[in-house]
Number of protein chains: 2
Amino acid sequence: MDRLSLVFAALADPTRRAILARLADGEATVNQLAEPFPISLQAVSKHLKVLEQAGLITRGRDAQWRPCRLEAAPLRDIADWADQYRRFWDERYDRLDEYLRTLQEQGPDTEEK
Amino acid sequence: MDRLSLVFAALADPTRRAILARLADGEATVNQLAEPFPISLQAVSKHLKVLEQAGLITRGRDAQWRPCRLEAAPLRDIADWADQYRRFWDERYDRLDEYLRTLQEQGPDTEEK
DNA sequence: TCTCTATTCAACCGTTCGGTTAATCAACCG
DNA sequence: CGGTTGATTAACCGAACGGTTGAATAGAGA
């Protein structure tokens, strides 16, 4: 699967987003990360694997602990991706938006919905 | 499912992101949207349903056509969400980042990985 | 060594996903 | 009306998902 799809898929789960939020406060072990959730440790381990493959975390090794660290690069990627569409929500781009729509609507029907 | 998860899940598919890109150029019918893809019209219809339930598109009615229109609000939402983590990738926030990590690493081990 | 802790791997289970084909609905048009 | 076009719905299929339990691995420590 492509990189962007992997990241979006990883973020499409509240548990995984909560894990990222926790990691924003600093590194944490699997047990620490699992503590707030009513699911098994193994389930959390799976979530971490998904986050790792999406490049959203990296895991080190400290004795028998595997400290997880947030990696923000993919988040920048999706922020940049969404920013492509900024003109569709940012009112400062309203005039440009209007202009583009007018350009495109020349043929089928000129009326606005 | 929560709103944000719906949006992320909808975006976790290249076909659906391509549909959104197409809609950035203006409204389009299902057939027009389906044309570039090597999948059936029904499959595209399903994708549109997913996008609609995520609030990323709205569909009108023009005779037997169902023109689709991009709705950017959820994209603003995910951009805002990602922006929470900006300090982890934006170099202008490096000092703050360092500071926060130092604060947090007081207990288990002070060494960096 | 034996044991305890931290974590992962393996197998399984029910649900969802992305696709298919076939049938149906909706609206125009002769 | 009947036929055609545009789009959705229904039923199905294999793969992936999110969870489980149980077994295995890695390292600390007595």
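Below, all heavy atoms of this structure are taken into account, side chains as well, without hydrogens, waters or symmetry copies.
D:dT5 atom P lies 18 Å from atom CG of B:D62, rounded to whole Å. With rounding to whole Å, A:W65 atom CH2 is found 11 Å from D:dG29 atom C1'. Rounded to whole angstrom, the span from the CD1 atom of B:I19 across to the P atom of D:dA7 amounts to 13 Å. The nearest whole Å value for the distance from the CD atom in B:Q32 to the P atom in D:dG6 is 10 Å. Per the geometry, CD belonging to B:Q64 stands 14 Å off C1' belonging to D:dT8, to the nearest Å. Rounded to an integer number of Å, the gap from B:Q53 CD to D:dT9 C1' is 14 Å. Between the P atom of D:dG6 and the CD atom of B:E35 lies a distance of 13 Å, rounded to the nearest Å. Rounded to whole Å, atom C1' of D:dA16 lies 12 Å from atom CZ of A:R16.
Within the 4.5 Å cutoff, the side chain of A:L20 has heavy atoms near those of the A:L11 side chain. The side-chain heavy atoms of B:L70 and A:F88, taken from C-beta on, include a pair separated by under 4.5 Å.
Distances shown here put a side-chain N or O of B:S45 below 4.0 Å from the OP1 or OP2 atom of D:dT8. When the side-chain nitrogen and oxygen atoms of B:N31 are compared with OP1 and OP2 of D:dT5, none of them lie within a distance under 4.0 Å.
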_Pair B:R69, B:R59 - check side-chain contact (heavy atoms from CB on, under 4.5 Å), show working._
CA-CA 6 Å; B:R69 181 187 210 104; B:R59 280 187 278 189; over 6 Å; no
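Positionally, the nearest nucleotide of DNA chain D for A:A9 lies more toward the 5' end than for the other of A:A63 and A:A9.
With sequence neighbours left out, the salt bridge (Lys or Arg N to Asp or Glu O under 4.0 Å) criterion links B:D80 to no other residue. The salt bridge (Lys or Arg N to Asp or Glu O under 4.0 Å) search around A:R86 returns A:D83, A:D90, not counting sequence neighbours.
The outermost nucleotides of DNA chain C lying under 4.0 Å from heavy atoms of chain B, listed 5' to 3', are C:dG18 to C:dC28.
Ring pair A:W81/A:F8 is perpendicular by interplanar angle, where above 60° counts as perpendicular and below 30° as parallel.
At the heavy-atom level, A:A43 lies under 4.0 Å from base atoms of the strands shown.
With hydrogens and angles ignored, the 3.5 Å screen pairs no side-chain donor or acceptor of A:D62 with any backbone N or O of A:W65.
Across all strands shown, the partner of D:dT25 is C:dA6, judged by Watson-Crick or G-U wobble contacts whose two distances both fall under 3.5 Å.
The base of D:dG18 lies outside donor-acceptor range of the side chain of A:Q42, with no N or O pair under 3.5 Å.
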